[in-house]
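Have a look at the structure below before the remarks.
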Amino acid sequence: MEARKEIKELTEKAIKKLYGLDFSVQVLIPKDKSLGDYAISSALGIKREKKALEIAAEIKEEIKSDVFSKIEVIEPGFINFFLSPEFLKQELLKKEFFDSLDIGQGKKVQVEFVSANPTGPLTVGNGRGGPFGDVLGNVLKRAGFKVEKAYYINDYGQQILALGRSILKQSKEYSGKYIDDLGLRVKESDPYLAGRKGAQIILEEMIKKTIEGLGIKYDEWFSEAKLHEKGEVDKTIDLLKKKGWLYEKEGATWFRATAFGDERDRVLIKSNKEKTYLAGDLAYHRYKFEKKKFDKVINVWGADHYGDVVGLKAGMEALGHKDKTDIVLLQFVTVIKEGKPVKMSKRLGTAIIMDDLLEELSPDVIRFFFLAKAANTHLNFDMDLAKEQSEKNPVYYIQYAYTRICGILKKAGQFKKTGNLDLLINEKEIELMKQIYRIRETIEDTATDYQLQRIPQYAIDLAASFHRFYQECQVLTEKEDLKKQRLTLVSLTKNALKQVLDLMGVSAPEEM
RNA sequence: GUCCCCGUAGCUCAAUCGGAUAGAGCGACAGACUUCUAAUCUGUAGGUUGUGCGUUCGAUUCGCACCGGGGACACCA
């Protein structure tokens, strides 16, 4: 039984019984610890003649549960719940505590992220999707989904032609040292074929290397060109035609996206008979749902693709896959150096790239900095600050907690975990247990709303609770029973900390 | 011109469908190592949440209007 669920169920039942209302109770966590571990403000939202305080008192009277040691009613109508230490200990000692989350219920989810055009090195902006998508996938997996991480390779279309022409020195659409290098290696003289070849090399030797450097592993690299070659794009267009959602205008074939709430219709086949990006993307998403049977698809895009969200969703609705595609938009990244935004990479003469960061910072630090910010905030990545703080950094703070744990366990040697924790009554011990207990709800919430910054925040909170416990409670004491129980708690902390570090893809060093 | 995101402590950012005294880290200041690693802990200072109205018992959160920063408005991908 989870405490939050217990509160929600009991209070909703009480409200139903007392007032005959079907009320959805929202459980919150008070900012001030003295106000309890959980709280509800629902009494304030029930509009009746009675005072909220009275309503809260009546609800409280209905609630009987040994999950809580205390339930308080406070002005103007809050009900505060205090977790019972006995319940807490009992829950943490359960074998399945760390691995029985199942809000995913085995549903298949694909997370597609980065998917930067293979026309150059991975920029910082595109790269932001890397840690984000990777960690989102990890979180969903932990929450009980079957997850695939995918990179969609845009190796078809205008930008490939432009890349080929640049390699062949017929244009300067793409430039930089890497284009010159490709000019020496690519033998094809046809611009499109040269572009394809160049894109392949860029993907394999530049993008994949950077991705790997960030510690990201994909399950699938999916080629847009192959989709076209296999005729999947044509099939999808035919299907939309049969359903009556297409029309011809000025030599082009249009999709009636306005019928699904889009502000304008979208071209699928241009008047020169080439297919648009959207046509390919619709075919790709059909493939995701129909061939690979995903229940849900999450696309992590840059905010510059904001205008394409409705078009894709409209298309998927027309194809019979309504509401199965979630799109997370990541706002831009500005890299700041010496107080000024950096626009260009020194090495390549292109936009600032991920490799520039990797050169100076560990992937742990980069991942953490990126993850700690909400998707919809513009991210100012201050290189100097990141470097300067690299030794006084939240990442190290968390990792240091982990090494302290490992140090204790190593010194303690073999020990048997205790089946009860009744000697642990210190305030810091209880705090630590509460913090560990919250790992489940943190993962559940994140898997539901994709607000990934919760995870690094949780990691900091957990590390802080441990550091405070460490400061006050000597684990390896003379008192054998107490020592064993504390070692058990330390070991539980280790599990939790390791789990969040793994979720974030940040290393867990045993020594520092 | 229309649409989207952002504006919170000196800096980087949080704040759970609107909740209680707006929180962390870094930086500043003052303390704590004979200890399981001080990469830590304890304390202090720091805020009219861009501005102004409004809705509400209650607004950083919702609405309207401004100001400032970024982005999108293709038969490009």
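Chain letters run A, B, ... following the sequence lines, proteins first, then strands; residues in each count from 1.
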- [ ] Report yes if a donor N or O on one partner sits less than 3.5 Å from an acceptor N or O on the other, where the partners are the side chain of A/H378 and the base of B/G7; otherwise report no.
- [x] no
TODO: For A/S24, answer base if it contacts any base atom (sugar-phosphate contacts may also be present), sugar-phosphate if it contacts only those atoms, and nothing otherwise; contact means non-hydrogen atoms under 4.0 Å.
DONE: base
Open item on the list: Test of understanding: with side chain to side chain donor-acceptor pair (under 3.5 Å), list the residues that count as partners of A/D22, not counting sequence neighbours.
Closed with: A/K16
Task: base_contact_polar (B/A77 base, A/D308 side chain, donor-acceptor, <3.5 Å) - done: yes
- [ ] Starting at the 5' end of RNA chain B, write a dot or bracket for each base, bracketing those in Watson-Crick or G-U wobble pairs whose two distances are under 3.5 Å and using | for partners on another strand.
- [x] (((((((..((((.....[...)))).(((((.......))))).....(((((..]....))))))))))))....
Open item on the list: Base, sugar-phosphate or nothing for A/D445? Non-hydrogen atoms, less than 4.0 Å.
Closed with: nothing
Task: Candidate nucleotides B/C5, B/G71, B/U60, ranked by approach to the side chain of A/K31 - the nearest - done: B/U60
TODO: Quick one: label A/F78 by what it contacts on the DNA or RNA (base, sugar-phosphate, nothing), any heavy atom closer than 4.0 Å.
DONE: base
Task: Comparing A/Q451 and A/G251 on RNA chain B - which has the more 5′ nearest nucleotide - done: A/Q451
Open item on the list: So A/A252, base contact, sugar-phosphate only, or nothing? Heavy-atom distance under 4.0 Å.
Closed with: base
- [ ] Can you sort out which residues in residues 466-482 of chain A have a heavy atom within less than 4.0 Å of RNA chain B? Ascending by number, please.
- [x] A/H467, A/R468, A/Y470, A/Q471, A/C473, A/Q474, A/V475, A/L476
- [ ] Report yes or no: is there a donor-acceptor pair, N or O only, under 3.5 Å between the side chain of A/Q26 and the base of B/C17?
- [x] yes
TODO: For A/T276, answer base if it contacts any base atom (sugar-phosphate contacts may also be present), sugar-phosphate if it contacts only those atoms, and nothing otherwise; contact means non-hydrogen atoms under 4.0 Å.
DONE: sugar-phosphate
TODO: Establish whether the base of B/C73 is bridged to the side chain of A/E263 by a donor-acceptor pair shorter than 3.5 Å.
DONE: no
TODO: Let me know the distance between CG of A/D461 and C1' of B/A14, rounded to the nearest Å.
DONE: 10 Å
Open item on the list: Applying a 4.0 Å non-hydrogen cut-off, can you work out what A/E250 is touching in the nucleic acid: base, sugar-phosphate, or nothing?
Closed with: base
Open item on the list: Is there, by distance only and without an angle test, a donor paired with an acceptor across the side chain of A/S271 and the base of B/C75 below 3.5 Å?
Closed with: yes
